[in-house]
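Structure first, then comments.
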Amino acid sequence: MQKNLILYNSLSNKKEEFKPIKDGKVGIYVCGPTVYSSSHMGHARSAIVFDVIVRFLRIVGYEVTYVKNFTDIDDKIINKASELGVDSKDISEKFKQEYIEDMRNLGCIDPDFQPCVSDNIDGIIDLISRIISNGFAYESNGDVYFQIDKFKDYGKLSNQSTDSMLTNHRIEFNPNKNNDLDFALWKKAKDDEPGWESPWGKGRPGWHIECSVMSCNHLGKNFDIHGGGRDLIFPHHENEIAQSESINDGCFANYWLHNGLININQEKMSKSIGNIINIRDALDKWNFNLIRIFFLSHHYRTPVDLSEEKLLEVEKSVRKIVKKINTQGNNSGDKGFRDLWKEAMLDDFNTAKAFGIFFKYINEGLINQSNIKEIEEFEFVMGIKGWREIFINQKENINEEMISEIVIKRNNARKDKNWKLADELRSQAESLGFILIDNKDSTTWEPIDQ
RNA sequence: GGCGGUGUAGCCAAGUGGUAAGGCGACGGUCUGCAAAACCGUUAUACCCCGGUUCGAAUCCGGGCACCGCCUCCA
């Protein structure tokens with residue numbers, strides 16, 4: 001069946017056939033977090049999406065190098081540190097470790113490389129120097145700016161013309177800049193700020209430059225896929241392109257993939273609204289498999305509305321499907337499943353369609369324990385693990401003696417056809433948090449779903 | 001204002017030229033003393049609106065409308 005991989009390239013705004021630079025190999029760079037606070041569900045979605053993309057690329061035979069950076073030097077980190085009166089390194093280190101843990105708890109495979117800005121200062125200084133000597137940047141009062149009017153392709157990713165950008169009133173006037181749209185490659189450090197010595201004095205890298213350096217370090221100056229959230233298209237990715245291509249003869253990443261953002265109860269998730277959901281809080285409440293299935297039931301490019309209700313829906317449908325897989329017999333397996341879901345994935349990583357196919361095949365009894373290998377392959381790509389056992393072993397913390405007492409009493413009442421008492425005992429059980437199930441010749445019980 | 005995206009059943013969501021996947025919910029039935037679960041069945045002549053192309057369009061083209069995002073830090 002092996003069809004070609006098609007993906008939507010933000011650079012052309014079209015679906016394109018994927019052609020790797022080197023046969024059988026894929027280099028992918030995904031923008032990681034700025035580590036100044038706990039990571040949230042937006043990070044989770046992006047991480048899960050690219051995790052599945054990498055897993056899928058591997059399973060169809062590509063040798064993938066997956067790089068995700070940490071931006072551990074940034075104004076927000078510095079501000080947070082000074083607010084708390086601690087070293088900015090303490091902040092970045094703490095949240096970096098948290099992020100790594102969160103990602104693992106979400107079932108994401110570690111990227112092959114997770115470089116930090118602070119380990120790449122020399123490379124950054126070197127790159128900036130080369131951009132300056134190529135005539136695309138200038139030093140001004142200890143800052144270094146990229147001169148966007150020197151780069152004729154500026155705006156090609158976000159489809160913005162520089163003229164229209166200049167009419168934007170939100171750009172702040174900065175006397176050090178030649179042009180309001182120029183952006184910082186290097187920022188002069190104030191006395192109390194962390195900084196590194198450079199040809200332009202003590203300072204720190206601007207945002208954007210680190211990704212140009214670190215992607216090139218691990219993947220080369222021209223690599224296959226660059227990913228990140230939609231919100232990074234401008235200015236971050238636009239500026240990365242400008243920096244990198246200004247010294248690399250117009251070559252950088254070939255395909256740009258952007259995942260959609262999330263809303264919470266129909267509202268944008270943002271600090272000002274105060275509706276940010278941290279990954280840790282979500283994981284306290286929901287099994288990571290449910291979170292993954294929720295996100296993967298949507299196409300990665302569309303915005304997603306996250307709510308308690310939606311997660312509950314996922315839980316219900318998963319509960320049913322799990323029961324089916326675990327109880328259904330050994331029907332003859334249907335080999336169509338593997339080809340169908342992979343075909344869906346080959347078309348711009350359509351996980352939503354793949355899950356639709358998965359549910360359908362299970363519901364129709366076409367895959368079950370006898371096709372466990374096929375199920376496991378699907379599970380591996382989607383990164384869902386142990387989800388078939390989520391709903392087992394929930395019987396702890398329940399007083400079994402009390403329950404069997406109620407069951408015995410009720411069964412006696414039923415024998416006497418005392419339905420009123422039997423019903424009372426049933427509601428008594430329910431108020432204690434479990435439900436009685438009358439089978440042919442026995443009564444069992446289960447905890448009531450929360 | 002510029003750029004991009006989205007608009008498919010009560011809700012969520014696939015579907016980019018061949019006659020509407022899947023999930024949740026709802027309804028009817030089987031089973032049950034009653035339930036629960038399970039199973040069977042029903043649930044969009046129809047894809048924001050108006051034109052056009054085509055034998056044929058949710059899918060392509062033109063024109064509207066609505067919502068959202070980005071354009072300042074953001075996954």
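Protein chains get the first letters and strands the later ones, always in sequence-line order, with residue 1 at the start of each.
- Separating the P atom of G51(B) from that of A58(B) is a span of 15 Å, rounded to the nearest Å.
- When heavy atoms are screened at a 4.0 angstrom cut-off, F183(A) is found touching no nucleic acid atom at all.
- The shortest non-hydrogen separation linking S37(A) to K80(A) is CB-NZ, 4.2 Å.
- For F95(A) and F70(A), the ring centers are positioned 6.0 Å apart or more.
- With respect to the salt-bridge test (charged N to carboxylate O, under 4.0 angstrom), the residues E379(A) and R388(A) qualify.
- Taking 3.5 Å as the limit, the base of A35(B) and the side chain of R426(A) contain a donor-acceptor pair of atoms between them.
- The aromatic rings of F358(A) and F355(A) lie perpendicular to each other, with more than 60° between the two planes, well past the 30° mark.
- Base engagement by G356(A) is indicated by at least one non-hydrogen atom pair under 4.0 Å involving a base atom.
- Here the nucleotide nearest the side chain of K316(A), chosen from A75(B), G25(B), A14(B), is G25(B).
- Listed nucleotides: G33(B), A36(B), G22(B). Nearest to the side chain of K360(A): G22(B).
- For C73(B), its base never sits under 3.5 Å from the side chain of D231(A) at any donor and acceptor pair.
- Ring pair H226(A)/Y255(A): centre-to-centre distance not below 6.0 Å.
- Residue Y300(A) places none of its side-chain N or O atoms closer than 4.0 Å to OP1 or OP2 of A13(B).
- Looking at which nucleotide of RNA chain B each of D438(A) and P235(A) is closest to, the 5′-most match is held by D438(A).
- K320(A) comes within contact range of the sugar-phosphate backbone alone, with a heavy-atom separation under 4.0 Å but no base atom that close.
- Residue contacts for R230(A): at a heavy-atom cut-off of 4.0 Å it reaches the sugar-phosphate backbone alone, with no base atom in range.
- As rounded to the nearest Å, A66(B) and C73(B) have C1' atoms that lie 29 Å from one another.
- When the nucleotides A75(B), G23(B), A36(B) are ranked by their closest atom to the side chain of H40(A), A75(B) comes out on top.
- When ring centroids are compared, H237(A) and H258(A) come within the 6.0 Å threshold.
- Among the protein residues, I233(A) comes within range of no part of the nucleic acid, since none of its heavy atoms lies under 4.0 Å from any strand.
- When the C1' atom of C68(B) is taken as reference, atom CD1 of I262(A) falls 15 Å away, rounded to whole Å.
- Between N363(A) and the phosphate of C39(B), there is no side-chain N or O to OP1/OP2 separation shorter than 4.0 Å.
- Counting any heavy atom pair closer than 4.0 Å across all strands shown, I321(A) reaches no nucleic acid atom.
- Between the side chain of R319(A) and the base of G23(B) there is no donor-acceptor pair of N/O atoms closer than 3.5 Å.
- Closest contact between the side chain of F359(A) and the listed nucleotides G22(B), A37(B), A75(B) involves G22(B).
- N350(A) comes within 4.0 angstrom of sugar-phosphate atoms only, judged by non-hydrogen atoms across all strands, and of no base.
- A20(B) sits 12 Å from C47(B) when the P atoms are compared, rounded to a whole Å.
- A14(B) makes up no base pair with any nucleotide shown, lacking Watson-Crick or G-U wobble contacts both under 3.5 Å.
- Here the shortest heavy-atom pairing between A242(A) and Y154(A) reads CB-CD1, 3.9 Å.
- I357(A) comes within 4.0 angstrom of nothing in the nucleic acid, heavy atoms only.
- Taking only distance into account, the side chain of D423(A) meets the base of G33(B) through a donor-acceptor pair shorter than 3.5 Å.
- Taking the C1' atom of each, G15(B) and A46(B) are spaced 14 Å apart, rounded to whole Å.
- The gap from the P atom of G22(B) to that of C39(B) amounts to 15 Å, rounded to the nearest Å.
- One C1' atom belongs to U30(B), the other to U6(B), and the distance between them is 43 Å to the nearest Å.
- D110(A) and Y66(A) share no side-chain donor-acceptor pair at under 3.5 Å.
- The side chain of N159(A) lies closest to G4(B), out of G4(B), A75(B), A38(B).
- The pairing partner recorded for C27(B) is G41(B), the criterion being a Watson-Crick or G-U wobble arrangement whose two distances lie under 3.5 angstrom.
- Proximity note for F234(A) (side chain, C-beta onward) versus G33(B), C71(B), A75(B): the nearest is C71(B).
- Among G33(B), G25(B), A14(B), the nucleotide with an atom closest to any side-chain atom of H299(A) is A14(B).
- Nucleotide A20(B) forms no Watson-Crick or G-U wobble pair with any nucleotide shown, as no partner meets the under 3.5 Å limit on both distances.
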Nucleotides 6-11 of chain B: which of its N/O atoms have a protein N/O under 3.5 Å away?
none

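- Listed candidates were A75(B), C24(B), C73(B). Nearest to the side chain of T34(A) is A75(B).
- Across all strands shown, G62(B) forms a Watson-Crick or G-U wobble pair, both distances under 3.5 Å, with C50(B).
- The CG atom of D51(A) sits 8.0 Å away from atom NZ of K68(A), with the distance rounded to the nearest 0.5 Å.
- For E364(A) and G23(B), the CD to C1' distance is 14 Å, given to the nearest whole Å.
- Classified by interplanar angle (parallel below 30°, tilted 30° to 60°, perpendicular above 60°), the ring pair H43(A)/Y99(A) is perpendicular.
- Between F355(A) and Q160(A), the residue anchored nearer the 5' end of RNA chain B, judged by the nucleotide with its closest heavy atom, is Q160(A).
- Nucleotides C65(B) and C27(B) place their C1' atoms 35 Å apart, quoted to the nearest Å.
- Regarding E430(A), its CD atom lies at a distance of 11 Å from the P atom of A37(B), rounded to whole Å.
- A donor atom on one side chain and an acceptor atom on the other are found under 3.5 Å apart for N176(A) and D143(A).
- A distance of about 15 Å separates the C1' atoms of A14(B) and G7(B), rounded to the whole Å.
- Within the shown strands, G5(B) is the pairing partner of C67(B) under the Watson-Crick or G-U definition, both distances less than 3.5 Å.
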